*Asks:* 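I have a structure here, written as structure tokens, and I will follow up with some questions on it.
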Protein chains: 2
Amino acid sequence: MATASHRTAPEHIHPEDVSVQTALAALADPVRLSLVRELAGSVEWSRSCGSFDVPVGKAALSHHFAVLRGAGLVEQRDEGPRRVNRLRRAEFEARFPGLLELVLRDDPAV
Amino acid sequence: MATASHRTAPEHIHPEDVSVQTALAALADPVRLSLVRELAGSVEWSRSCGSFDVPVGKAALSHHFAVLRGAGLVEQRDEGPRRVNRLRRAEFEARFPGLLELVLRDDPAV
DNA sequence: CCGAGTGTTCGATGAAAACCATACACTCGC
DNA sequence: GCGAGTGTATGGTTTTCATCGAACACTCGG
């Protein structure tokens, strides 16, 4: 039941246990930033990993999601064969006030 | 006069022209984060580049300051033989509200 | 005008990170 | 129980970045 294409369920890290460094590094990558933004504009649990429009292969994509999990930015759940995502808005906001909002509503440096 | 050990004066970039990516990447490095924090606790223009307590050589240090300038985080001015620094608090805050404050008053991830 | 102090530049090195292609694991509909 | 769809793991390549040592440029005090 509900254990998609993975031996074990995704391992999550709570934002509370994340260092600023890790958080910043996670968001400093263009692909991940794109994922986070796209995710922010979607209904929770509505997007599977493969449904994002980024210019990388599956392997790299999977890796990026692992990084996002490791930064407490994304939560994942297995739903049948696919793994659906959710942006941990509230929790992340509590740990890093303003950060998420900052990267989300950014005027791309004019 | 006032052109220390450098052909040309330091080239600055205003925070307004900096992308989030660049800003985050600049702050995601341990050495640079250390520099910013130490600088935040000092009087403006009081610290020369060499006066910071970081475990890297001069060359690397010089590079890190270049990155910080490129992210609009630091302003430099030549004062005799040395180059003194200032944290661009207000300008940076205006461009990335909350970010600087966030990395400065951080509980190192418990 | 020399020597000490300061910072940048260059070239090279090493480590980290992103990426791909492939192979594998799991789910589900047929 | 196949076969398609989805995601992970592994191995290897490439790129990026932090770092160093050494050479250079500039300032200033004797």
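All figures in this text were calculated on a predicted structure; none of them were measured in a lab.
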*Asks:* If you take any heavy atom closer than 4.0 Å to DNA chain C, which residues from residues 60-75 of chain A end up in contact?
*Replies:* A:Ala60, A:His63, A:His64

*Asks:* For DNA chain C, which residues of residues 38-57 of chain B approach it to below 4.0 angstrom with any heavy atom?
*Replies:* B:Ser48, B:Cys49, B:Gly50

*Asks:* Roughly how many Å is it from CD in A:Glu79 to C1' in D:dG7, rounded to a whole number?
*Replies:* 14 Å

*Asks:* Give a yes or no on whether the backbone of B:Arg69 and the side-chain of B:Arg88 come within a donor-acceptor separation of less than 3.5 Å.
*Replies:* no

*Asks:* Send over the distance from B:Arg83 CZ to C:dG7 C1', rounded to a whole Å.
*Replies:* 7 Å

*Asks:* Please examine the side chains of B:Asp78 and B:Pro10, heavy atoms only from C-beta on, and report whether any two atoms are closer than 4.5 Å.
*Replies:* yes

*Asks:* Measure from the side chain of B:Pro81, starting at C-beta and using heavy atoms only, and say which of D:dA18, D:dT6, D:dT27 lies closest.
*Replies:* D:dT27

*Asks:* Among C:dG7, D:dA22, D:dT6, which nucleotide sits nearest the side chain of A:Arg82?
*Replies:* D:dT6

*Asks:* Mark yes or no for whether B:Glu93, through its side chain, and B:Gly98, through its backbone, hold a donor-acceptor pair below 3.5 Å.
*Replies:* yes

*Asks:* B:Arg32 side chain: which of D:dT8, D:dA18, C:dA18 is closest?
*Replies:* D:dA18

*Asks:* So do B:Asp106 and B:Leu33 actually touch side chain to side chain, heavy atoms under 4.5 Å?
*Replies:* no

*Asks:* Can you tell me the distance, in whole Å, between the CG atom of B:Asp29 and the P atom of C:dA15?
*Replies:* 17 Å

*Asks:* Would you kindly give the CZ-to-P distance between A:Arg77 and D:dG7, to the nearest whole Å?
*Replies:* 14 Å

*Asks:* Taking only the side-chain heavy atoms of B:Val31 (C-beta and beyond), determine which of D:dT8, D:dT19, C:dA18 contains the nearest atom.
*Replies:* D:dT19

*Asks:* CG/A:Asn85 to CG/A:Leu68 distance, rounded to the nearest 0.5 angstrom?
*Replies:* 8.5 Å

*Asks:* Would you list the pairs meeting salt bridge (charged side-chain N to carboxylate O under 4.0 Å, His left out) in which at least one residue belongs to residues 19-36 of chain B, sequence neighbours left out?
*Replies:* none

*Asks:* Starting from P on C:dA23, measure out to NZ on A:Lys58 and report it in whole angstrom.
*Replies:* 12 Å

*Asks:* Minimum heavy-atom separation for B:Phe96 and B:Ser19, please, with both atom names.
*Replies:* CZ-O, 3.8 Å

*Asks:* Run the numbers on A:Arg86 and A:Glu91 for salt bridge (Lys or Arg N to Asp or Glu O under 4.0 Å), then give the verdict.
*Replies:* CA-CA 12 Å; A:Arg86 173 183 94 85; A:Glu91 304 107 293; 2.8 Å; yes

*Asks:* Quick one: are B:Val103 and B:Leu100 in side-chain contact, heavy atoms under 4.5 Å?
*Replies:* yes

